[in-house]
A.B. asks: 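Questions regarding the structure given below will be posed in turn.
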Amino acid sequence: MQIDNVVCAFCGCVCDDITVIVEDGRITQAKNACVLGKAWFQGHGHPSNLPVARVDGQPVSLDEGVDAAARLLAGARYPMIYGLSSTSCEAQRQAVALAEVLGGNIDCCTSVCHGPSGMALQGIGEPTCTLGEIKNRADLVIYWGSNPADSHPRHMTRYAVTVKGMFIPRGRKDRTVVLVDVRPTPSVRAADIFLQIRPGKDFEVLWALRALIRGQVIDAASLNGTGITLAQLTDLAERMKHCKFGVLFIGQGLTQSRGKHLNTSAAFLLVRDLNAITKFALMPMRGHGNVTGVDSVMAWQTGFPFGVNFSLGYPRFNPGEFTMVDVLSRGEADAALIVASDPVANLPRPIGQRLAEMPTVALDSHESETTRVARVAFTTATAGIHVEGTVYRMDGVPLHLRKVLPSPYPSDEEVLSRLLARVKELKSC
Ligand code: SF4
């Protein structure tokens, strides 16, 4: 069976032109998908022998699992909900509602990737656009601290570099592509200009660029130690001022290096300055398939995109206080609910140890380090493979996920909504 126009929810590109071939209940081909997308599609559909729910490693029914998980969370003083970047917006909504009823914390993977971008966005405003506008209009494309050739393999061909657009009829020939990074990466091959910046010097270079854009004179010596010369930076500033439509894509090389939200604030301010001269946009290179969605869902439900606390009965936001790594490092949380994420494998080792020691509930479509240590573990269907749902592309455009395979497992949304209902019952007793 052939299914067209399937959406790949693996990375923030959320490509919606995938053709999937299903044979004998398995996905055998994912045409148009990149190597990451192919692995994502073809890695699903294998028969699983995992039970729908386990308590202390023993198989139980879904109802029994929900009851055990609800008791564990409802009895906690300071529960933490985390993950959510690889599930649907419908499931994310249930998780936010659950955090509110529990009076606990909710945080998502944004806090360890583009949290500094969210903070800059709140302070400065986001000069943004859609990937469609970039495809059709951008004649200057800058990637700063990002390696899309490896992390988002179709980003350059589908949206930003080689693709032809309405006002960019010759595609690659009509664009100038600049890469700024601390080392050469596979993406350098696609760039006209590569600026190798010294690690931790992003803020200084962005601030000097702002000065040049504003016509101020800067001393060449002020760039000593940054890896960038005044001539290189002046050339980039002139290109930025004279392009018709520029875009600055920022990656974790900027958000997670020294300076963090000061780096992103400098980038946002630079693009704001540029809009007094020409048209310029900024876009974070979001990683997981629906990490943009969870920021949006949390923002529209609580006012804040990540690191939200409900312990006073209303939402409070404070990165560093209510974010996953910080809450667990201080040993404050006494229970955790992890949704579609594997923090035991991916976050610092002490966080994984803490999750293994405390009562943890985990929802995932496959066995992971986190489901292995969880007191209650649910096996769920994958959004975009086994169940429909909504995801947000990195530019904030929502897309509908299609179901391409049947699954014996419930969706994250179903498990979370049952959990919410049971927690409400327990809290009202
Ligand atoms: S670029 Fe990302 S969304 Fe597109 S096919 Fe590859 S993994 Fe999927």
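Values reported hereafter were calculated over all heavy atoms of this structure, with side chains retained and with hydrogens, waters and symmetry mates removed. All ligand and atom numbering here is 1-based and tracks the order in the structure.
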A.B. asks: Among all the protein's non-hydrogen atoms, which is closest to atom 5 (S) of ligand 1, and how far away is it?
C.D. replies: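 Nearest neighbour among protein heavy atoms for atom 5 (S) of ligand 1, to 0.1 Å: Cys34 N, 3.6 Å.
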A.B. asks: Within the 4.0 Å heavy-atom shell around Phe10, which atoms of ligand 1 are there?
C.D. replies: 7 (S)
A.B. asks: Nearest protein heavy atom to atom 2 (Fe) of ligand 1, by residue and atom, and its distance?
C.D. replies: Cys11 SG, 2.3 Å
A.B. asks: I need the atoms of ligand 1 closer than 4.0 Å to a non-hydrogen atom of Val14, numbered in the order shown.
C.D. replies: 3 (S)
A.B. asks: State, to 0.1 Å, how close Asp412 and Ala340 come at their nearest heavy-atom pair, and which atoms those are.
C.D. replies: OD2-CB, 4.2 Å
A.B. asks: Just by distance, do the side chain of His114 and the backbone of Thr110 share a donor-acceptor pair under 3.5 Å?
C.D. replies: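 No.
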A.B. asks: Only one of Thr157, Thr162, Asp192 clears side chain to side chain donor-acceptor pair (under 3.5 Å) with Arg172; which?
C.D. replies: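 Among the candidates, only Asp192 passes.
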A.B. asks: Under 2.8 Å from atom 8 (Fe) of ligand 1, can any N, O or S atom of Cys8 be found?
C.D. replies: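 Checking atom 8 (Fe) of ligand 1 against Cys8, an N, O or S atom does fall under 2.8 Å.
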A.B. asks: Just need the protein heavy atom nearest to atom 4 (Fe) of ligand 1, so name the residue and atom and give the distance.
C.D. replies: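 Its nearest protein heavy-atom neighbour is Cys15 SG, 2.3 Å.
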A.B. asks: Please verify the inter-ring angle class for His155 with Tyr143; under 30° counts as parallel, over 60° as perpendicular, anything in between as tilted.
C.D. replies: perpendicular
A.B. asks: Could you please spell out the steps behind the side-chain contact (heavy atoms from CB on, under 4.5 Å) verdict for Val141 and Thr176?
C.D. replies: CA-CA 6 Å; Val141 176; Thr176 301; over 6 Å; no
